[in-house]
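To keep things clear, I will list the structure first and then write my remarks on it.
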Amino acid sequence: MNSKYSIIVILIFTILFVKLNKAFSGNLSNNQRLLLRCKRRCANKNNNRYLKRFCKKCLSLDMLDKNKNSENNEISYNNIFSENKNSSLILLSNSTKFDYNKIKNLIVFGDSHSAVITNYTDMTYTERNHSYGKNWPLYLIDFNNMKLWNFAKGGSVIDEKLVITPNYFTIDLKKQCKYFYENMSKGKKFYEEWNKNNSLIAIWIGNIDIYCKKKVPNEIDEITNSLFKSINKLYNGGARNILLLSIFKRSCVLNSDMNFNNYILKFNDSIVKKSEQFFKEHPNTNFIIYDTFNKLKDIYSNCYKYNFKDCTNYWIKNKQNNLEDYLWSDSHLSDHANRILAEDINNLLNSINN
């Protein structure tokens, strides 16, 4: 009976593989029915190796269909293989080719999750950060042999006019963009060091804003509007390859704070929608959103799989133990966690080339 069942399964997936291969060579925009069939068959977890191969092929077809739509400025809003509304999103320009192999500069904006204590006069940095090792930008430049220009500053918010800033507040994203213009815009000292094709602008900010009391109604919309005003300024300064990381809160990763969890989901959903609108208005950009929040939830849910021993507590309170075993160094990600994050981002960016 098992043998008969296996033969039937093989025959079914062989037929579907033939249809998928035909879809790859044909007009992708006419294959929505096939994609929906993929969705139904791949929605449930199943260890059948034929099904895994089939779903992998489906995923590739789905991404190709997205790229075709984005080239025509018709954006597909949902990845049918994502369980969560906020998922990594890749919007590729038809006029500005994204070639990760040719990216030589990583230009970073953000808060303490990305900061390395930069001297904004000469753009040197100390590498000191909260991971007690390397944070994700330091790992990412090693993975792709890039030069780091880091404008991130611990304690930063998106717009100090929109929130009541905490006592550890330093500067906001608008001020970071001002430092960028003072150092790297046309005619400034580092202008010749980078260009639109060989540079990736990476922004991870908003994590502190969620803690702050707000000065405005509809705060999520107001704050994300300000975020994209800053992104538009960077665009005017030459940014064409943009990587935006979604925000998170540790208690939400640990599934212990549903009120903040809903806020984060709304915030991340807002930046997805505004990214899509920005891409429509600036079709010569490559815009990538990395789903930090759900990646960290996956690490927490599969702690041992990622070679952690403790995904709940702070290493700083247990310094006698090995830092490598901890997901959290303090309220920030550990060196080990930052490496995983950077590897995942690096793989995502490499996959665009592939």
Side-chain angles (χ1 to χ4, degrees), residues 29 63-79 86-100 102-110 146 149 151-152 158-159 172-188 191 193-206 220-247 267-292 345 348-349 351-353:
S29 61
M63 290 306 297
L64 282 175
D65 193 61
K66 286 178 185 297
N67 288 343
K68 184 177 179 66
N69 285 341
S70 66
E71 286 172 359
N72 294 315
N73 271 2
E74 298 174 2
I75 299 167
S76 177
Y77 278 77
N78 292 300
N79 182 332
N86 300 302
S87 58
S88 294
L89 180 71
I90 300 172
L91 303 173
L92 297 179
S93 170
N94 195 32
S95 58
T96 305
K97 178 179 173 57
F98 180 84
D99 189 342
Y100 189 45
K102 293 182 180 178
I103 298 293
K104 300 304 177 187
N105 297 285
L106 178 64
I107 305 173
V108 176
F109 301 84
M146 297 179 286
W149 306 87
F151 294 91
I158 291 171
D159 189 338
D172 60 12
L173 179 60
K174 294 189 297 181
K175 185 73 176 220
Q176 292 180 29
C177 292
K178 180 175 179 289
Y179 287 140
F180 168 80
Y181 266 86
E182 289 174 354
N183 282 282
M184 306 189 77
S185 61
K186 190 172 183 179
K188 302 301 182 181
Y191 176 69
E193 300 286 331
W194 75 289
N195 62 54
K196 64 180 183 180
N197 295 314
N198 71 4
S199 302
L200 176 65
I201 307 295
I203 305 166
W204 190 13
I205 198 166
I220 291 177
D221 195 49
E222 291 287 341
I223 292 170
T224 52
N225 278 341
S226 180
L227 169 62
F228 277 83
K229 285 180 182 177
S230 291
I231 291 174
N232 195 65
K233 287 181 180 178
L234 295 173
Y235 171 86
N236 291 336
R240 293 298 181 269
N241 301 310
I242 301 169
L243 170 67
L244 184 60
L245 282 71
S246 68
I247 67 168
F267 187 99
N268 288 338
D269 186 47
S270 179
I271 64 174
V272 167
K273 290 177 179 176
K274 285 182 170 63
S275 296
E276 292 165 337
Q277 183 60 38
F278 182 90
F279 179 73
K280 284 183 177 180
E281 295 170 358
H282 306 85
N284 61 339
T285 57
N286 296 301
F287 209 110
I288 302 153
I289 296 182
Y290 178 73
D291 188 5
T292 321
I345 293 170
L348 176 66
L349 298 175
S351 72
I352 299 173
N353 279 22

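Given the structure is predicted, the values throughout are model-derived calculations rather than measurements. Side chains are part of it too, since the values below use all heavy atoms of this structure and drop only hydrogens, waters and symmetry mates.
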Do [X] and [Y] make a side-chain contact, defined as non-hydrogen atoms from C-beta onward lying under 4.5 Å apart?
X      : Y      : value
Ile223 : Phe267 : yes
Pro283 : Asn94  : no
Leu91  : Ile288 : no
Tyr191 : Asn183 : no

Is there a donor-acceptor pair under 3.5 Å between the side chain of Thr285 and the backbone N or O of His282? yes

- Looking only at atom types and distance, does a side-chain atom of Ser88 sit under 3.5 Å from a main-chain N or O of Asp291, one as donor and one as acceptor? yes

Nearest 0.5 Å, what's the [atom1]-[atom2] distance between [X] and [Y]?
X      : Y      : atom1 : atom2 : value
Phe278 : Leu227 : CZ    : CG    : 10.0 Å
Phe109 : Ile203 : CZ    : CD1   : 6.5 Å
Ile201 : Leu234 : CD1   : CG    : 6.0 Å
Ile231 : Ser226 : CD1   : OG    : 10.0 Å
Ile220 : Asp269 : CD1   : CG    : 9.5 Å

With sequence neighbours excluded, residues passing side-chain hydrogen bond (donor to acceptor under 3.5 Å, both in side chains) with [X]:
X      : answer
Asn195 : none
Lys178 : Glu182
Trp149 : Asn105
Ser230 : none

How close do [X] and [Y] get, counting heavy atoms only, and between which atoms?
X      : Y      : answer
Ser275 : Phe228 : OG-CZ, 3.3 Å
Ser95  : Ser93  : N-OG, 2.9 Å
Ile271 : Ser246 : CD1-CA, 4.0 Å
Leu92  : Phe279 : O-CZ, 3.4 Å

Residue pairs meeting salt bridge (Lys or Arg N to Asp or Glu O under 4.0 Å), one or both in residues 220-237, sequence neighbours left out, come to Asp221-Lys274

With Asp99 as partner, the option from Asn197, Asn353, Asn198 fulfilling side chain to side chain donor-acceptor pair (under 3.5 Å) is Asn353

Worksheet item: After noting the C-alpha distance and the side-chain angles of Tyr290 and Leu89, does the key distance pass the side chain to side chain contact (heavy atoms under 4.5 Å, CB included) rule?
Response: CA-CA 7 Å; Tyr290 178 73; Leu89 180 71; over 6 Å; no

*Quick one: sort the Phe180 and Phe151 rings into parallel, tilted or perpendicular, breaks at 30° and 60°.*
perpendicular

Tell me which donor-acceptor pairs under 3.5 Å the side chains of residues 236-245 have, and how far apart each pair is, sequence neighbours excluded?
unit_1 : atom_1 : unit_2 : atom_2 : d
Asn236 : ND2    : Asn232 : O      : 3.4
Arg240 : NH1    : Tyr235 : O      : 2.8
Asn241 : OD1    : Asn286 : ND2    : 2.9
Asn241 : ND2    : Lys196 : O      : 3.1
Asn241 : ND2    : Ser199 : O      : 3.2

Is there a side chain to side chain contact (heavy atoms under 4.5 Å, CB included) between Ile158 and Asp172 once you walk through the steps? CA-CA 5 Å; Ile158 291 171; Asp172 60 12; over 6 Å; no

Paired with Leu200, the side-chain contact (heavy atoms from CB on, under 4.5 Å) test is passed by just one of Ile107, Leu106, Val108, namely Leu106

| said: Quick check on Tyr181: does its OH atom have over 12 non-hydrogen neighbours (other residues, nucleotides or ligands) under 6.0 Å away? | reply: yes

